[in-house]
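First the structure, in the form of structure tokens, and then the observations on it.
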Amino acid sequence: MLLQVIYLVAITAEAASGAIMGMRRRMDLFGVCVVGTVTALGGGSIRDVLLGHYPLGWVAHPEYLFFTVGAALAAALLVRYMHRVRMAFLLLDALGLVAFAVIGCDVAAAAGAHPAIVVLMGMVTGICGGLLRDILCNQVPLVLRRDLYASVALATGTLYVLLQRYGIGHDQATAVALVAGFLFRMVAIRWSLTLPVFTTRTPPEH
Amino acid sequence: MLLQVIYLVAITAEAASGAIMGMRRRMDLFGVCVVGTVTALGGGSIRDVLLGHYPLGWVAHPEYLFFTVGAALAAALLVRYMHRVRMAFLLLDALGLVAFAVIGCDVAAAAGAHPAIVVLMGMVTGICGGLLRDILCNQVPLVLRRDLYASVALATGTLYVLLQRYGIGHDQATAVALVAGFLFRMVAIRWSLTLPVFTTRTPPEH
Amino acid sequence: MLLQVIYLVAITAEAASGAIMGMRRRMDLFGVCVVGTVTALGGGSIRDVLLGHYPLGWVAHPEYLFFTVGAALAAALLVRYMHRVRMAFLLLDALGLVAFAVIGCDVAAAAGAHPAIVVLMGMVTGICGGLLRDILCNQVPLVLRRDLYASVALATGTLYVLLQRYGIGHDQATAVALVAGFLFRMVAIRWSLTLPVFTTRTPPEH
């Protein structure tokens, strides 16, 4: 099935991007593989733990780990050439984001969750891998600071849920949500769309 | 029921305080809402995941998310006036802490946990939201560094469990524990009570 | 049983080492106890949450918490003498690492996991306590940066699984894996064996 193929491409791309972040933190070979794997599979794992949905995807399908570890190793070897394929990375990352969102919605819907939770779990699947990556790399998660990244996951999930609620079939809804979410992400990157940033001059205690 | 009302007030206050911390880290609108929500609901979520108690509170009651996101947005808009209500915040935060502790004990007791685990889960519920907030904001968790904050949660839970063990009814024990824990927290704030801080001059490897 | 005794020694040693790290971050008495306990019991807890294996070890056996809190308090009191027993610490830590790995494999195997997941869960049990400790202490996890530490856990688990697959009994396989893993760790410490570190000069955007 197409979504499954997109999923494997997505975890491979996410693992490579996580591995590169780990290298910037001077991690060793093992750390690079862990950060890559956590980036790729962490979002789905957090979603499943929050829903009590067992077994986790990679526990049932250990072969996913070969994709993520392989991608991390490849990224470690090829990192000096990576900047030449930066655009390809952004495309694969955007594809991964919307695929994760749609898959996350499916898992939550199959667990009988409320539509608001279905959309939220799509977002959790899309963003929490990168969030864990940034925690391991000891920085404030990028997704909380800038970029229409989480917003794309939320919009993709919302569209996906609404389409199905109004009678569109699962496959068509998947295709429309993937394409629309992907285009939204491309537009956000191209025109550097961001959400407003709030700051405060009055540091409160605790 | 009174405890439920106190709970909703508490998650609203915690979400606003988390949102303000996120703003200080220059997070965008989305990040502020996430940090606020995680601060408010993270403690109960960690407790439920540790106990295997599904579904999580906010998965069963998605309306909680409207409270936390609304509070985070309100805090973002009103932050410049927030220092004027700092005392109100400290009161609501203290109320939230003891309410979380009592609710956490109830959940663990209903799951048949050992009394020591019941008290511990009250503390986990009270402090882990702020702990996750600080991890997302990339700082050593405040609750581990100073303040009788966790101690208040522990004392509240211990009192609550002991009262019930010695035959006091659930409602009376709840009321007594809430009031006593709240007063303890107020005393700790008023006289800046702290636990001793240990330091070491001999940095050990790993 | 011997493995159970080794386990109690291991969580005591890990709790003391975690407590010392917390002291270096100027945590108070409470924080030191939390970091010690999380270091000792966090790896097994993450493993159990990932596997959906309830109740967690320390929830079923709250007495473990007395070991970890006691060890953290003892470390806080005796920290100035700790550097004199640094070698003993390294030995106990190595023993704990391989014991955690073997126990983690047992839990995952009993849950019917794939052999690759069994080995992985041994590693998760061995390293995730220190990983959580470093997140709470706001630093990039040591285990991701250097040292044959995770590799020792992986090797121990792999040997343990292979021995049993080729017909060696559970007790013999345990003994052989513990001794071999311990020696591997000692060799890695003695000759400062490390994995290659990758770095990149081309910082990619997310």
Side-chain angles (χ1 to χ4, degrees), chain A residues 16-35 37-38 45 48-49 52-56 58-63 65-66 72-73 75-77 79-86 89-90 93 130 132-139 141-143 146-147 149 189, chain C residues 45-54 107-109 111-121 123-124 126-128 130-132 134-155 161 188 193-206:
Chain A
S17 93
I20 291 171
M21 187 80 84
M23 278 178 261
R24 293 174 68 193
R25 295 282 159 161
R26 303 192 62 79
M27 289 182 184
D28 68 10
L29 188 59
F30 170 77
V32 164
C33 291
V34 167
V35 174
T37 299
V38 167
S45 300
D48 287 348
V49 166
H53 174 254
Y54 291 103
L56 303 199
W58 52 271
V59 171
H61 298 279
E63 66 272 19
L65 296 166
F66 293 101
L73 292 176
L77 291 173
V79 64
R80 72 183 61 185
Y81 311 106
M82 283 282 182
H83 64 282
R84 298 197 191 157
V85 290
R86 186 164 171 275
F89 247 107
L90 282 177
D93 179 69
L132 288 177
R133 175 200 64 206
D134 291 347
I135 290 174
L136 288 178
C137 291
N138 198 26
Q139 60 188 22
L142 205 58
V143 71
R146 61 175 180 76
D147 241 5
Y149 196 82
I189 292 175
Chain C
S45 300
I46 287 187
R47 175 203 64 219
D48 287 348
V49 167
L50 291 175
L51 288 172
H53 174 254
Y54 291 103
V107 171
H114 183 280
I117 299 298
V118 169
V119 171
L120 189 71
M121 287 299 167
M123 190 192 78
V124 163
I127 71 169
C128 283
L131 202 131
L132 288 177
D134 291 347
I135 290 174
L136 288 179
C137 291
N138 198 26
Q139 60 187 26
V140 176
L142 205 57
V143 71
L144 303 180
R145 282 182 292 156
R146 61 176 179 77
D147 241 5
L148 290 194
Y149 195 82
S151 310
V152 169
L154 269 181
V161 167
L193 303 185
T194 57
L195 288 174
V197 170
F198 291 96
T199 54
T200 164
R201 294 264 171 198
T202 56
E205 297 303 300
H206 178 61

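Just so we're on the same page: letters track the sequence lines, and every chain starts at 1.
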Sort out for me which of C/A150, C/A116, C/A113 touches chain A most, counting heavy-atom pairs under 4.5 Å. C/A150
Return yes if some donor-acceptor pair links the side-chain N/O of A/R25 with the main-chain N/O of C/V140 below 3.5 Å, else return no. no
OG1 of C/T194 to CG of A/D28: how many Å apart, nearest 0.5 Å? 7.5 Å
Do C/R47 and C/L50 come close enough that some side-chain heavy atom pair is under 4.5 Å? no
Whether A/Y54 side chain and C/V49 backbone form a donor-acceptor pair below 3.5 Å: yes
Under 4.5 Å from any heavy atom of chain A - which part of C/L132: neither
Most chain C-contacting option - heavy-atom pairs closer than 4.5 Å, from A/V143, A/L136, A/L56: A/L136
Under a 4.5 Å heavy-atom cut-off, does chain C meet the side chain of A/V34, its backbone, both or neither? side chain
Does the A/N138 side chain pair with the main chain of C/N138, one donor and one acceptor, at a distance under 3.5 Å? yes
Pick from C/I135, C/L148, C/L144, C/L195: which one has the most heavy-atom pairs with chain A under 4.5 Å? C/L144
Just by modelled atom types, is the A/L142 backbone N or O under 3.5 Å from a matching donor or acceptor in the A/D134 side chain? yes
Measure C/L131 against the heavy atoms of chain A and call it side chain, backbone, both or neither at under 4.5 Å. side chain
Is chain C contacted by the side chain of A/V35, its backbone, both, or neither, given a heavy-atom distance below 4.5 Å? side chain
